[in-house]
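Just so you know, these numbers come straight off a predicted model, no measurement behind them. Computed from heavy atoms alone, side chains included, the values below leave out hydrogens, waters and symmetry copies. Letters A, B, ... are given to chains in the order of the sequence lines, protein chains preceding strands, and every chain is numbered from 1.
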Amino acid sequence: MLFSVIRCRPFCTGAVLYANTQISRYARLGHVENARRVFDEMSDKSIISWNSIIAAYFQNKLPQEARSLFDRMPDRNMASWNGMISGYVKNGMTREARRIFDAMPERNVVSWTSMVRGYVQEGVIVEAESLFRQMPEKNVVSWTVMLGGLIQDHRIDDARRLFDGMPVKDVVTWTNMISGYCQGGHLAEARELFDVMPRRNVITWTTMISGYAQNLQVDIARKLFEVMPEKNEISWTAMLTGYTQSGRIKEAVEIFERMPEKSIISCNAMILGLGQSGNVTEARCVFDRMREKDDGTWSAMIKGYERNGLQLEALNMFPLMQRAGIKPNFPSLISVLSVCASLAILAHGRQIHATVVKSQFDLDVFVASALITMYVKCGDLVKARQVFDRCSPKDIVMWNSMITGYAQHGLGEEALQVFHEMCSLGMAADDVTFVGVLSACSYTGKVKEGLELFESMRLNYSVEPTAEHYACIVDLLGRAGHINEAMNLIEKMTIEADAVVWGALLGACRTHKNLELAEVAAKKLLLLEPKNAGPYILLSNIYASKGRWEDVVDLRKVMKARNISKSPGCSWIEVENKVHMFTGGDSVEHAEHGAIVGMLEKLSGLLRAAGYSPDGSFVLHDVDEEQKVHNLGYHSEKLAVAFGLLRVPEGMPIRVMKNLRVCGDCHSVMKLIAKITGREIILRDANRFHHFKGGLCSCRDYW
DNA sequence: CTAGGGTTAG
């Protein structure tokens, strides 16, 4: 007996130790079932084994499992109780953590610190501070956690006071303080600490480098990067994103190629950077070369496609992602929702909404805002409002989404009503809010109200006017026919007028046929946006209408030299969960082309009978000559609407999207089609929404 | 086995 005990003990202890290590390793890899199997097969479970398997469940986001094991374990030590607190905190369950904290027989500094950390994470800094004051003993970790809480709360001066009063500091404390200064853009203070601190490690260096990079001082970041004593993949990634965020993609790629080990995150950052700078093909190369991908990889790629106008590619990636075993989660849902929004594909959007509800992201303000924007862009304001009403508390982004949404649909009253409701609840309006309300006033012709709001924006809300606000007011005045007043406002602006402002003036000139100021605005736009084809064509049309043919020829030469061509007009419609694309003319034939043409002919008969004659004389619309010469009957939006008439069930609105501004002829045709067929047509063009109903359009023929 | 800092994400 004794013999076997002596022989067995060291062996068993070794096995237990080995098994505990196995449990932790499986937990790290996310294989919690394997961890559980090892645990179940252990004949000799120590407290540490129990603690390990509980930690494994928490790490893999299964707090209920962890709890049931905790309740069943035969013996507990301090680490068991503390593990429950930190486990709950990691899973965002501060109240459960607090219950354990209150129930445990005795507490040590770890218990207290974890609990303080829980409140910090929840953003309840007051509670964290109160607990911190009550702590019977504190060590450098507790102080540092509290410091982090103050920094997170943007109380940088309080943080510094705490920092200065700390009895002991270590490298983590210093790094935290530096990070706080960097986040607030106080680079000089950060650097001062960095230079005087006694010891720096790779994380400190990376914090400082990333601080410079995030604040667009990428060259200083690079200097530090070159002299740092050791680098890991995170430091390389910080440098990489510094370049991508400054738009310096070549240097970003250079860093990427030089980095010895490429983590998933660094590849994701590269994909994102390439996507942002328009190199979507290169982004796809990186994507394809990755052996392992995570949700960030997929959402980076999806976003890249979306930002570069390849929405269908973006959309197709979503099911591929799920087939690759990636659950739709926060960033990917946001990306796909914005794809649905930009494509305005309502049925897809609804499906994603269902996924959102299933994954319990629907109460998140970020996701809710994305949902609202999606429904707004799809033209379903009722649904947008439902999401808005259901989500509480609301943040400023949500209020802004709803206000802007109503404004974009020309529902000025509703937009202002939401705005007033927001103010009465004490939510502070910001610059985005005012872009929404001012454009709402503009769309609904509330000149007086708009000007008053513009005044009080600065005086009562202390929001400084940006170029966008000026653009709204220029639009407001211009729309009402006060074009010279609009021009005066531009001349008196305290900041530089940008493309949006001149674009607004141009829009007004277009409607009120003011060729002189249109020429001024278009010339400004050529300077500000040399790649945008619209103003060139418009200016060329103005010259042509005045017989200034030499100017026309010169302009065409400039366009050719700058390699500018107008993107072809295309429209699309979603029918039975499938997106159907149409391009102007008949370059690409739709499978049901015959039926569509038949429908168009039938319509044109009805239109003629209603007294319609085609109108090709919209000089001041930025429609290219070629497009004008083409049969007006074959503009892409007409094809899409014809298809909608064939396939969208009676009683449902026909929702069509177009990448360019709707042309004047199509606009009048749409009104007539809506009247003749009794169908509601919702057309989203590049700028705004048109709800056609019974011979009228919600934009009141101004767009 | 239990507590703190740096990289991607509207």
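Separation of the A:H353 and A:Y375 ring centroids falls under the 6.0 Å cut-off. A distance of 6.0 Å or more separates the ring centres of A:W174 and A:F194. Annotation: A:W236 is in aromatic contact with A:F225 [ring centroid separation under 6.0 Å]. Side-chain rings of A:F132 and A:W112 stay apart, their centers remaining 6.0 Å or farther from each other.
B:dC1 atom C1' lies 8 Å from atom CG of A:N20, rounded to whole Å. Note: CG (A:N82) to P (B:dG4) measures 12 Å, nearest angstrom. Summarising the geometry, the separation between OH on A:Y119 and P on B:dA3 is reported as 18 Å, rounded to the nearest angstrom. In this structure, CZ of A:R25 is placed 11 Å from P of B:dC1, rounded to the nearest angstrom. Computed from coordinates, the A:Q59 CD to B:dC1 P distance equals 11 Å when rounded to whole Å. Between the CZ atom of A:F101 and the P atom of B:dT2 there is a distance of 19 Å, given to the nearest Å. For A:Y26 and B:dC1, the OH to P distance is 16 Å, given to the nearest whole Å. Here the C1' atom of nucleotide B:dG4 and the CZ atom of A:F132 are 12 Å apart, to the nearest Å.
For the OP1/OP2 pair of B:dG10 and a distance below 4.0 Å, the side-chain nitrogens and oxygens of A:K303 include at least one atom meeting the criterion. Close to B:dG10, at under 4.0 Å from its OP1 or OP2, lies no side-chain N or O of A:S369. Under 4.0 angstrom from either OP1 or OP2 of B:dG5 there lies no side-chain N or O belonging to A:Q183.
Note on A:S80: nothing from the nucleic acid sits closer than 4.0 angstrom, heavy atoms only. Residue contacts shown for A:E306 are absent, as no nucleic acid heavy atom lies under 4.0 Å away. Looking at heavy-atom distances under 4.0 Å, A:N232 makes contact with a base.
Between A:F39 and A:W50, the ring-plane angle classifies as perpendicular under the 30° and 60° cut-offs.
A:Q22 and A:R25 form a side-chain donor-acceptor contact under 3.5 Å, judged by distance and modelled atom types alone.
Residues from residues 136-158 of chain A placing a heavy atom under 4.0 Å of any atom in DNA chain B, listed by number, are A:N139, A:V140, A:V141, A:T144, A:V145.
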